[in-house]
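Worksheet: one structure, shown below.
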Amino acid sequence: MPPEGPGSLVAELRKFARSRAPRPAPAPARSPEAGPEERCDFCSTTIPAAHRHMLDVEERSILCACEACLVRQAADPRYRPTGRRLVALDDFYMSDEIWSRFQVPVSLAFFLHSASAGKVIVLYPSPIGATESELDLGAWETLSEANPVLRGLEPDAEALLVWRAGAGPHHFIAPIDDCYRLVGLIKTRWQGISGGQEAEAAIEEFFAELRDRAVP
């Protein structure tokens, strides 16, 4: 793991947290990383640790689901099964100029088509959870023109996940529950004011695991 420095995500988050209190977006109701005794959030039946999730598009929260409830709730427009695609975008193009136009104050963010908002939104992690930032839609269109793969993002279910630090930059099409899992990792591993090495290590390990699971 590289040493923590001015360019690390933890250092950026620390500086941002000190500069102003971020406005958090709705957080997942339950972390996908919860312990082995998992229960369906719809019917409370016990489910295995490896299970599917649904997104509550109104609350923007992640819910655990058994297979029966996954099928049953899929008919309700309020709930949407989270995506299953995990793709490493090794040829992805994003210039520093385009990234700066998004005005994300840290080096990590995820972009998704929100059906309820009727537009693309961008969220980034903070020590208190996911925070939504105003999105320059012109910049998003420019990015989409350079990377047509973004036109195929499944609304609410998957996102463009970007990390511009570490051994990166890293770009993935990722299930939305993986994106919120990363937010939860940072929130739960954050220690004190500075964040600590545990948070930095968790970010590194998350992206290493994502790389191992992803298809090119």
Side-chain angles (χ1 to χ4, degrees), residues 1 8-10 12-13 22 24-42 47-57 59-66 69-70 79-89 104 106-114 121-133 153-166 168-191 195-215:
M1 182 188 73
S8 75
L9 180 59
V10 166
E12 292 172 339
L13 288 170
R30 179 192 295 268
S31 168
E33 280 204 316
E37 282 298 315
E38 295 275 11
R39 291 189 176 273
C40 174
D41 285 313
F42 296 96
I47 53 178
H51 56 265
R52 295 289 307 280
H53 299 99
M54 301 198 78
L55 174 70
D56 182 332
V57 298
E59 298 294 332
R60 206 178 297 154
S61 60
I62 301 295
L63 303 173
C64 300
C66 67
C69 288
L70 189 76
Y79 302 104
R80 187 174 183 87
T82 58
R84 307 188 79 169
R85 228 181 8 150
L86 179 56
V87 182
L89 303 176
V104 176
V106 296
S107 58
L108 190 154
F110 56 98
F111 302 76
L112 71 149
H113 289 277
S114 170
I121 62 173
V122 56
L123 300 109
Y124 58 91
S126 78
I128 63 170
T131 299
E132 184 174 342
S133 178
L153 281 179
E154 187 178 356
D156 294 313
E158 57 188 18
L160 167 67
L161 176 61
V162 178
W163 185 33
R164 293 174 61 84
H170 307 265
H171 305 97
F172 294 90
I173 291 176
I176 194 63
D177 49 349
D178 270 329
C179 297
Y180 275 115
R181 180 165 65 91
L182 175 58
V183 171
L185 274 174
I186 294 171
K187 183 178 179 181
T188 57
R189 302 291 177 86
W190 192 269
Q191 297 177 342
Q197 291 189 343
E198 189 175 348
E200 192 80 19
I203 297 164
E204 295 279 354
E205 291 166 6
F206 174 88
F207 278 94
E209 177 233 329
L210 219 63
R211 173 64 64 178
D212 288 343
R213 287 170 43 211
V215 298

What distance do [X] atom [atom1] and [Y] atom [atom2] have between them, rounded to the nearest 0.5 Å?
X: C66; Y: R39; atom1: SG; atom2: CZ; value: 12.0 Å
X: F111; Y: L153; atom1: CZ; atom2: CG; value: 11.0 Å
X: F110; Y: L161; atom1: CZ; atom2: CG; value: 8.0 Å
X: W163; Y: E204; atom1: CH2; atom2: CD; value: 4.0 Å
X: I47; Y: L70; atom1: CD1; atom2: CG; value: 10.0 Å

(message) The criterion is side-chain hydrogen bond (donor to acceptor under 3.5 Å, both in side chains); which residues satisfy it with R52, sequence neighbours excluded?
(response) none
Closest non-hydrogen atom pair between [X] and [Y], with its separation:
X: C64; Y: D41; answer: N-OD2, 2.7 Å
X: H171; Y: P169; answer: CE1-CB, 3.7 Å
X: A157; Y: R80; answer: CB-NE, 3.9 Å
X: I176; Y: D156; answer: CG2-O, 3.4 Å

(message) Out of the candidates R211, E158, R213, only one should pair with F172 under the side-chain contact (heavy atoms from CB on, under 4.5 Å) rule; please name it.
(response) R211
(request) Measure from the side-chain N and O atoms of T82 to the backbone N and O of P175, and report whether any donor-acceptor pair falls under 3.5 Å. (result) no
(message) Does this structure show an ion pair linking E154 with R85, if we count only N-O contacts that are shorter than 4.0 Å?
(response) no
